[in-house]
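Structure record follows, encoded as structure tokens.
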Amino acid sequence: MAPMGDVFHLLVILSLLETGNAKVEDFKAAGATAPGDIIIGGLFSIHEGVKKSPDLSAPHASQCVKFNTDGFTQALAMIHAVESANRSPVLTTLGISLGYRIHDSCSDVTTALRASADFTQPTTDCRRGANTSTCPPPIMAVIGASSSEISISVARQLNLELIPQISYASTAVILSDKNRFPTFLRTIPSDLYQTQAMVQLLSDSKWTWVGVITTDGDYGRSALDSFVSQATVSGICVAFKEILPNSLTSPDGESAVRQAAATLRRNPNVKVVVSFAKPTQMMYLYQELIGPGSGLGERVWVASDSWSSSKEVLGKMDLPDIGHVVGFTFKRGDLAPFHHYLMNLSDSNDVIGNNSFLKEFYSLPNGSGDPRVVSSSTGAAKILLNNCHADIVFSVEMAVSAIAHAVADICSKKDCKTAGTVQPWKVLEALRGSRFELEGKSYRFDPKGDINLGYDVTLWRSVRGVINISDIIAEYHPINNSFSYTSGHTKKITDLKDVVSVCSASCEPGMFKKTAEGQHTCCYECINCTENHFTNNTDMDQCLSCDTKREWSLEGSSGCTHKTLEFFSWQDGFAVVLLALAALGIILVLLVGALFLHHHQTPVVKAAGGPLSQLILLSLVGSFVSAVFFVGHPSSLQCKVRQVLFGLSFTLCVSCILVKSLKILLAFQLNPDLKDVLRRLYQPYAIICLCVALQVLTCTLWLVLQSPWDKATVFATTVLAECDEGSYVAFGVMLGYIAVMALVCFACAFKGRKLPQKYNDARFITFSMLLYLMSWVIFVPIYVTTSGKYLPAVEMVVILISNYGVLSCHFFPKCYVILFKKEHNTKNAFMKNVYEYSRKGISDSSAVSETSVSQTEGKCTSHPYSISSPSFFMSPPPIEPTASQNCWSIIQYIDTATQCTVVDHGVFVTGQLTRPYRLRRKSL
């Protein structure tokens with residue numbers, strides 16, 4: 001089903017054709033003609049409109065008003081192009097020429113249809129079979145019109161005869177539809193590309209709040225729809241749309257202009273206005289806007305091709321009065337030949353005879369009404385040159401050149417001088433399939449019948465009152481939708497972009513746009529992004545989310561910050577101090593071990609436990625090494641090793657100390673039967689192995705069932721890399737097991753704290769175990785309540801305290817004796833110390849003779865029993881006294897420090913840390 005618009009135009013055409021033969025002929029007078037073998041038609045707006053007549057009783061020719069110098073110049077461009085083509089080798093080699101018949105459309109659709117009837121309908125006499133020599137030759141192609149509305153109507157009429165039509169200025173998008181307009185071609189791009197170029201310019205300049213003024217009709221409506229759709233996609237909002245009637249002589253013409261002016265005044269923040277209006281409409285609009293408070297001079301006017309090259313819009317105003325004008329014009333060629341043609345245009349009767357338009361032009365009055373002010377050639381040329389638009393002239397020349405080449409293609413194969421040889425549809429076929437040349441460049445129509453060369457962007461300038469509207473500042477390339485700025489004009493367009501035309505100020509990074517319902521998308525409120533959200537560009541519609549596992553951001557942030565990875569690092573000052581202490585501890589342990597090995601036969605080393613001391617030192621090395629695993633980025637292996645290594649190492653250490661403590665318990669056991677049982681059960685290495693084995697079992701179950709592992713704890717701005725102990729029950733059992741053994745050591749050693757000084761390891765064991773227990777008791781609440789990267793340091797400090805406590809209490813005093821008190825590291829010194837301690841413990845020392853004391857002091861009595869281990873003690877059987885012995889009943893003890901039997905009167909001395917007690921005397 002045909003659209004209603006098409007049906008309407010067909011009805012208008014048919015009504016014109018059926019009006020009557022006599023009446024149709026009245027509308028066929030061409031304003032300019034020239035003979036030729038091939039005749040082409042021309043349709044130009046020589047006048048700006050028609051005078052409205054209330055008489056509708058019969059069809060009649062309308063009276064055209066307001067001579068349009070621009071349209072007349074365009075008609076002259078066609079005449080000049082035809083004459084140039086007739087002189088070109090393209091046609092002269094074939095011996096053919098082009099002729100023309102040019103009509104005035106008077107910028108009116110009805111008048112254009114009546115005029116174009118001459119292109120499709122023969123005269124009455126020709127239809128009746130009269131002398132065909134007087135009949136005008138048929139039209140093979142038509143050039144025109146400038147207005148899209150007129151071109152659309154004429155194209156439908158020309159479709160009836162398949163007469164090709166080439167427009168030089170009609171840019172409506174609808175004309176690219178070859179299904180509806182199969183014979184329409186044009187030498188310019190459609191408005192689809194012009195509006196695309198405009199939107200790109202607005203986007204580049206960040207002008208997002210614009211107004212649109214257009215004309216009522218097919219061209220204006222089509223351009224408006226195309227612009228709005230593309231602008232919306234690019235985020236550009238149209239603040240208002242003002243549509244002016246095609247003819248300002250209509251009753252509502254003046255009111256429409258006043259309304260548009262009022263709209264502009266109400267929107268002072270709309271600094272950029274896109275206009276698809278006609279030149280005359282823009283002139284009246286500017287005149288209405290002129291005055292204080294209009295803000296006219298502060299605006300940027302983006303002009304379409306319909307008025308971008310027309311100075312008449314200024315009227316009596318200067319360019320600063322209306323602001324900046326950025327115009328989109330078609331590509332232009334060399335105007336020098338046409339300028340030369342205008343300068344030599346003759347006003348002779350021969351020329352005027354076949355060009356009534358020229359005659360009317362020469363009779364135009366000036367402002368005072370005096371006729372023939374342009375009668376001279378010089379005056380006429382000056383006026384025509386001022387109204388000469390290079391882009392339109394070039395488009396007209398392209399249209400004529402295309403027809404000339406198409407005709408040459410046809411006539412090169414047949415005789416075109418014979419009437420009826422060439423048909424319009426053949427010319428159409430040649431036009432759509434061949435190339436043509438102009439000014440050394442080759443062109444052709446695309447499948448839509450368009451020639452898309454892009455646009456020139458001009459910036460109007462006023463220098464000393466002289467307006468220059470052809471200053472090209474950039475070229476638009478439709479293929480990649482971009483501009484290339486000409487040399488020297490970059491600053492001009494940059495200065496122009498300083499104009500601010502927005503509804504709302506841009507939302508800076510860190511904010512997002514919040515648009516109220518029903519409001520333009522360009523009118524919004526800027527809201528700060530919330531925490532852990534951001535925007536990294538201006539005018540973003542929503543905030544982006546940070547990866548909260550690794551990133552964070554404050555409110556109103558323009559980006560995410562990587563969370564700081566925290567752990568007890570090697571570079572931390574506290575870690576360096578603790579590692580230094582651990583390294584120092586290892587060095588001290590190795591030095592003590594070497595010292596003890598070198599003096600392993602001395603009483604001090606033997607009193608310290610002999611081989612057991614080496615085991616303790618080895619365990620301390622492992623414990624110091626375990627402290628190192630608490631520093632650095634934790635790994636799963638590191639988390640497992642550090643606790644297990646410390647647990648096993650310190651268990652070995654405490655086990656060895658426990659063995660030494662049990663000797664004290666055994667020495668103080670008063671029950672002889674129980675003492676014998678304990679003495680038989682006392683197997684030091686077996687006890688050590690058993691204690692360590694239980695801890696190994698605990699750690700194994702811990703590692704197998706729920707072992708420690710590395711984890712990342714995410715906080716607001718940091719990520720803490722730490723160890724999860726897995727089973728805190730197993731962790732507590734491991735530490736509790738060591739604590740229980742330490743308590744046993746403490747209890748046993750506490751009983752022997754008053755033994756002789758050289759034998760008194762009990763006091764050191766007591767102090768070291770007390771230090772260990774206190775440090776770990778303090779550790780538990782601190783460890784439970786502390787979090788962060790310094791949590792490993794808490795346990796590391798406690799480990800170092802425990803290690804240094806054992807090292808300081810058990811080994812440093814003995815090292816001092818070995819190195820600086822060598823006189824005390826002898827058997828005699830140890831025996832003397834034991835004897836003196838024993839004497840002080842006997843309350844009835846008066847029964848002991850001084851002689852026997854002096855004989856016993858400092859002496860070592862040999863004993864037949866050997867010692868299997870320095871850390872063991874033996875209770876040998878009673879010694880049968882000799883006759884010379886007159887003393888108390890005695891009990892002998894093999895001293896582990898001196899390898900001698902210590903005999904005391906009525907006193908049982910055991911080991912290094914024993915105290916004397918009274919025995920029952922027995923007569924010998």
Side-chain angles (χ1 to χ4, degrees), residues 578-579 581-602 604-630 640-663 683-700 734-735 737-739 741-742 744-745 749 761 764-765 768-769 771-772 775-776 795-796 798-815 818-819 869-872 896 912:
L578 295 180
L579 288 172
L581 290 175
L584 177 62
I586 294 173
I587 294 173
L588 290 176
V589 169
L590 295 177
L591 292 177
V592 171
L595 182 64
F596 271 45
L597 284 176
H598 183 67
H599 297 275
H600 68 281
Q601 296 296 336
T602 63
V604 170
V605 175
K606 292 178 180 179
L612 283 181
S613 63
Q614 298 298 329
L615 279 178
I616 296 175
L617 291 172
L618 178 63
S619 66
L620 289 179
V621 171
S623 185
F624 275 120
V625 171
S626 71
V628 178
F629 288 94
F630 286 84
K640 293 178 175 63
V641 168
R642 67 182 191 177
Q643 296 293 6
V644 173
L645 180 59
F646 166 71
L648 296 179
S649 298
F650 214 77
T651 299
L652 176 60
C653 177
V654 177
S655 299
C656 294
I657 296 174
L658 178 62
V659 168
K660 296 173 66 176
S661 301
L662 288 177
K663 288 196 300 183
Q683 302 295 328
Y685 290 108
I687 294 173
I688 293 173
C689 292
L690 178 62
C691 293
V692 174
L694 291 176
Q695 189 70 287
V696 169
L697 178 62
T698 301
C699 294
T700 302
M734 182 193 78
L735 296 180
Y737 178 71
I738 300 175
M741 289 196 299
V744 174
C745 293
D761 267 5
F764 295 128
I765 292 175
S768 63
M769 292 299 101
L771 184 63
Y772 169 81
S775 62
W776 283 96
E795 187 172 355
M796 193 174 177
V798 177
I799 291 173
L800 292 177
I801 292 175
S802 303
N803 293 346
Y804 273 105
V806 174
L807 190 62
S808 301
C809 295
H810 286 262
F811 295 100
F812 285 172
K814 295 174 176 55
C815 292
I818 294 172
L819 295 175
S869 173
S871 60
F872 291 0
T896 58
Q912 304 160 348

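Numbers here simply count residues along the sequence, with the first being 1.
A side-chain donor-acceptor contact under 3.5 Å links S649 to the backbone of L645. Put simply, the side chain of S623 never gets that close to the backbone of L620: no donor and acceptor are under 3.5 Å apart. Proximity of a side-chain donor or acceptor of Y737 to a complementary backbone N or O of C691 within less than 3.5 Å is detected.
The two residues S802 and F650 make their nearest non-hydrogen contact at CB-CZ, 3.5 Å. Nearest heavy atom pair, residue G585 against residue L807, reads O-CD2, 4.4 Å. For the residue pair G647 and I738, the shortest heavy atom distance occurs at O-CD1, 3.8 Å. Of all the heavy atoms in Y772 and L735, the pair that sits closest is OH-O, 4.2 Å. Closest approach of V654 and M741 over heavy atoms only: CG1-CB, 3.6 Å.
Ring centroid separation for the pair F646 and F629 does not come in under the 6.0 Å cut-off. Between Y804 and F812, a ring centre-to-centre spacing not shorter than 6.0 Å is recorded.
Side-chain contact between L595 and L819: present, with at least one pair of heavy atoms (C-beta onward) separated by less than 4.5 Å. Residues H600 and Q614 fail the side-chain proximity criterion, which asks for heavy atoms closer than 4.5 Å. Contact check for L579 versus M796: side-chain heavy atoms found under the 4.5 Å cut-off.
Rounded to the nearest 0.5 angstrom, T698 OG1 and M734 CE are separated by 9.5 Å. Here the CG atom belonging to N803 is positioned 8.0 Å from the OG atom belonging to S619, to the nearest 0.5 angstrom. Note that CG of L597 is 8.0 Å distant from OG of S613, once rounded to the nearest 0.5 Å. Distance check, rounded to the nearest 0.5 Å: SG of C656 to CG of L652 gives 4.5 Å. Taking CG from L771 and CD1 from I801, the interatomic distance works out to 7.0 Å, rounded to the nearest 0.5 Å. Atom OG of residue S655 and atom CD1 of residue I688 lie 6.5 Å apart, to the nearest 0.5 angstrom.
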Please evaluate residues H599 and V604 with respect to the criterion side chain to side chain contact (heavy atoms under 4.5 Å, CB included), reporting the C-alpha separation (whole Å), side-chain torsions for both, the decisive distance (0.1 Å), and the verdict. CA-CA 9 Å; H599 297 275; V604 170; over 6 Å; no

Report the C-alpha distance between K660 and H810 in whole Å, list the side-chain angles of each, state the deciding distance to 0.1 Å, and finish with yes or no for side chain to side chain contact (heavy atoms under 4.5 Å, CB included). CA-CA 11 Å; K660 296 173 66 176; H810 286 262; 4.0 Å; yes

After noting the C-alpha distance and the side-chain angles of F811 and I616, does the key distance pass the side chain to side chain contact (heavy atoms under 4.5 Å, CB included) rule? CA-CA 10 Å; F811 295 100; I616 296 175; 3.6 Å; yes

Determine whether Y685 and L612 satisfy the following criterion, side chain to side chain contact (heavy atoms under 4.5 Å, CB included), listing intermediate values before the conclusion. CA-CA 9 Å; Y685 290 108; L612 283 181; 4.3 Å; yes

